Amino acid sequence: LEIWIAVSGSESNWGGCSVWVSDDGDTFRFLDTINGPARHGMLTTELPEGDTVDIDHTLDARLIGGDELRSGTLHDANNLNTLLWVGGELMAYRDAALTGTRSYSLSYLVRGAYQTKISSHAAGTYFARMDQAVFRYEFREDMVGQPIYIKLASHNVFGGGQQDLSELDAFTYFVQGTALYAPLPDVENVKTYYENGMAVMIWDRVSDY
């Protein structure tokens with residue numbers, strides 16, 4: 001149960017930001033500091049629906065924040081080591097080809113990861129690279145459905161010049177808790193036997209993300 005935040009700055013000397021959160025929009029508490037930008041941006045063309053292993057379509061995108069997108073291996077794609085969030089769908093890629101200034105074509109897509117729905121995504125859809133640059137905030141189960149308010153106070157590459165919290169607008173986010181409502185995988189290899197006059201049922205351990 002986590003909220004993930006991908007953030008970057010528009011200035012060349014942007015070094016990161018401190019993360020502040022509030023339950024009521026008035027009193028904010030400090031969580032942690034983000035150092036450096038996350039890789040995120042927008043799709044430049046539509047990405048149609050595809051197969052779980054999609055070799056028919058490419059994801060064409062332009063980076064807004066962060067450095068380059070690098071190719072991975074077949075192992076990286078199949079094991080979701082190059083994970084992307086694309087308009088609600090999680091997917092990984094193998095090949096990244098530079099097509100222009102901060103623009104890429106990503107191919108060999110492993111789609112619908114972690115039980116997300118494979119769907120089409122229009123040009124302009126936001127995406128983010130899900131790596132260590134993404135900030136993670138754990139939340140309690142009783143916060144699901146409630147709003148939280150987040151302020152990101154930027155600082156420069158030297159760690160100074162931090163923005164005044166009172167001058168920043170808060171981002172409002174309603175906690176979803178999607179993982180609580182996702183169905184568990186099907187039970188496999190069910191076996192039944194009798195022991196001391198009692199029926200015993202066993203099955204393979206269920207692996208749930």
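Computed from a predicted model, the values in this text were never measured in an experiment. Atom set for the values below is all heavy atoms of this structure, side chains included, hydrogens, waters and symmetry mates excluded.
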Whether [X] side chain and [Y] backbone form a donor-acceptor pair below 3.5 Å:
| X | Y | answer |
| --- | --- | --- |
| Ser22 | Thr27 | yes |
| Ser18 | Thr33 | no |
| Glu89 | Gly112 | yes |
| Gln163 | Ser154 | yes |

Within the structure provided, determine whether [X] and [Y] are in side-chain contact (heavy-atom separation under 4.5 Å).
| X | Y | result |
| --- | --- | --- |
| Leu168 | Leu152 | no |
| Leu80 | Tyr114 | yes |
| Thr82 | Arg94 | no |
| Val19 | Asp32 | no |
| Asp26 | Tyr149 | no |

How far apart are the closest heavy atoms of [X] and [Y], and which atoms are they?
| X | Y | result |
| --- | --- | --- |
| Leu83 | Ala113 | CD1-CB, 4.3 Å |
| Ala38 | Ser8 | O-CB, 4.2 Å |
| Leu165 | Ala153 | CD1-CB, 4.3 Å |
| Cys17 | His155 | N-CE1, 3.3 Å |
| Glu49 | Ser119 | CG-CA, 3.5 Å |
| Tyr126 | Trp85 | O-CZ3, 3.6 Å |

Same apolar cluster: [X] and [Y], side chain cutoff 4.5 Å:
| X | Y | answer |
| --- | --- | --- |
| Ile3 | Phe174 | no |
| Phe139 | Ile34 | yes |
| Phe28 | Met143 | no |
| Trp4 | Ile64 | yes |

Considering only residues two or more places apart or on different chains, which pairs with a residue in [range] satisfy salt bridge (charged side-chain N to carboxylate O under 4.0 Å, His left out)?
| range | value |
| --- | --- |
| residues 151-175 | none |
| residues 123-134 | Arg39-Asp131 |
| residues 175-192 | none |

Applying side-chain contact (heavy atoms from CB on, under 4.5 Å), name anything that partners [X], two or more places apart in sequence or on another chain.
| X | result |
| --- | --- |
| Met201 | Val190, Thr192, Trp203 |
| Thr99 | Ser103, Ser105 |
| Phe158 | Asn156 |

Side-chain atoms of residues 51-58: list all donor-acceptor pairs with protein atoms under 3.5 Å, sequence neighbours left out, distances to 0.1 Å.
from: Asp54; atom 1: OD1; to: Asp56; atom 2: N; distance (Å): 3.0
from: Asp54; atom 1: OD1; to: His57; atom 2: N; distance (Å): 3.2
from: Asp54; atom 1: OD1; to: His57; atom 2: ND1; distance (Å): 3.2
from: Asp54; atom 1: OD2; to: His57; atom 2: ND1; distance (Å): 3.0
from: Asp54; atom 1: OD2; to: Arg111; atom 2: NH1; distance (Å): 3.0

Quick one: name the residues clustered hydrophobically with [X], using the 4.5 Å side-chain heavy-atom rule over I, L, V, M, F, W, Y, and just say none if it's on its own.
| X | answer |
| --- | --- |
| Ile118 | none |
| Tyr93 | Leu43, Leu47, Leu59, Leu63, Leu69, Leu84, Val86, Met91, Leu98, Tyr104, Leu106, Leu109, Phe127 |
| Val200 | Tyr193, Ile202 |

Checklist entry - Could you give all pairs that pass the ring-ring contact (aromatic ring centres under 6.0 Å, His included) test and reach residues 5-25, with sequence neighbours left out? => result Trp20-Phe30
Next on the checklist: By the side-chain hydrogen bond (donor to acceptor under 3.5 Å, both in side chains) test, which pairs, at least two apart or in different chains, include something from residues 137-148?
Outcome noted: Arg29-Tyr137, Arg140-Asp142
Next on the checklist: I need the Lys117 NZ to Leu90 CG distance, nearest 0.5 Å.
Outcome noted: 15.0 Å
Next on the checklist: If I take atom CZ from residue Arg102 and atom CZ from residue Arg62, how far apart are they, to the nearest 0.5 angstrom?
Outcome noted: 8.5 Å
Checklist entry - Within a radius of less than 6.0 Å around OH of Tyr108, do more than 12 heavy atoms belonging to other residues, nucleotides or ligands occur? => result yes
Next on the checklist: Working note: Asp23 + Ile148, criterion side-chain contact (heavy atoms from CB on, under 4.5 Å); need CA distance, chi angles, decisive distance, verdict.
Outcome noted: CA-CA 5 Å; Asp23 297 327; Ile148 62 168; 4.3 Å; yes
